[in-house]
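These values consider heavy atoms only, across backbone and side chains, with no hydrogens, waters or symmetry-generated copies.
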Amino acid sequence: MAVVAGVDFGTLSVRVTLVDDHKGPLGLATAEYPLHRKRENPDYATQTHAHHMDALSRAMRGALESAGVKGDDVAALAIDTTGSSVVMVGEGLEPLDEYYLWCDHRAKSEPRR
């Protein structure tokens, strides 16, 4: 049995589906994370690495439980995201700040300069 975890990061949640190469889908789970907005700046939209990783852990545990398999049975991860940001990282590869989301429009006036 070869199990792959399909991981999809969306705007407000991460979804994990465990798939067996012969049996097909085995189990799935979803975990939400917050979108940081500011009332005084409607163009502001960020998220944190810590929230993403916490949600991924919760969703993975839920999918494993749903499928009735152990984490050691997962042979690979296939990861997809709604949008990607270039993020500066420190020596430990931890992001130095929050992620800018696709719906963060604070730089919308930059092209006019």
Side-chain angles (χ1 to χ4, degrees):
M1 171 168 81
V3 178
V4 173
V7 179
D8 178 37
F9 282 96
T11 303
L12 297 174
S13 66
V14 61
R15 293 154 299 277
V16 175
T17 302
L18 298 178
V19 181
D20 178 86
D21 63 338
H22 295 296
K23 298 177 186 176
L26 300 174
L28 57 97
T30 299
E32 295 180 351
Y33 39 76
L35 173 62
H36 304 152
R37 302 299 296 235
K38 292 185 176 182
R39 182 181 304 269
E40 67 276 8
N41 186 352
D43 291 328
Y44 185 95
T46 65
Q47 290 176 325
T48 67
H49 179 71
H51 287 150
H52 280 191
M53 293 303 98
D54 176 64
L56 175 59
S57 294
R58 289 184 283 121
M60 187 63 76
R61 281 192 300 273
L64 290 167
E65 185 177 314
S66 170
V69 298
K70 298 178 295 189
D72 291 345
D73 294 332
V74 177
L77 295 174
I79 300 175
D80 174 60
T81 66
T82 297
S84 300
S85 297
V86 175
V87 178
M88 298 298 290
V89 297
E91 286 186 33
L93 299 180
E94 289 293 318
L96 297 177
D97 207 348
E98 295 189 345
Y99 303 144
Y100 295 96
L101 264 57
W102 62 269
C103 52
D104 186 298
H105 302 298
R106 288 178 280 170
K108 65 185 177 192
S109 64
E110 291 297 316
R112 291 184 214 127
R113 290 185 183 185

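Residue A31 comes nearest to A55 through the heavy atom pair CB-O, 3.3 Å, listed as atom of the first residue, atom of the second, then distance. Shortest non-hydrogen contact noted between V16 and A59 is CG2-CB, 3.7 Å. Across all non-hydrogen atoms, the minimal contact from A29 to G62 is CB-C, 3.5 Å.
Comment: D104 engages R106 in a salt bridge, judged by a side-chain N to carboxylate O separation of less than 4.0 angstrom.
For the atom pair Q47 CD and E98 CD, the distance stands at 9.0 Å (nearest 0.5 Å). In this structure, OG1 on T46 lies 8.0 Å from CG on D97, to the nearest 0.5 angstrom. With values rounded to the nearest 0.5 angstrom, L28 atom CG is found 12.0 Å from D8 atom CG. Note that the OH atom of Y99 and the CG atom of L35 stand 14.0 Å from one another [nearest 0.5 Å]. The line from CD of E32 to OG1 of T11 is 12.0 Å long, rounded to the nearest 0.5 Å. Distance CG/L26 to OG/S66: 8.5 Å, rounded to 0.5 Å.
Ring centroid separation for the pair Y33 and H52 comes in under the 6.0 Å cut-off.
Side-chain contact between V89 and H49: absent, with no pair of heavy atoms (C-beta onward) separated by less than 4.5 Å.
Criterion: ILVMFWY side-chain heavy atoms under 4.5 Å apart, direct or through other members. Under it, V19 and I79 are not part of a common hydrophobic cluster. Cluster annotation: F9 and V74 are assigned to the same hydrophobic cluster (Ile/Leu/Val/Met/Phe/Trp/Tyr, side-chain heavy-atom contacts under 4.5 Å, transitive).
For the 3.5 Å distance criterion, the side chains of T17 and R15 fail to qualify, holding no donor opposite an acceptor.
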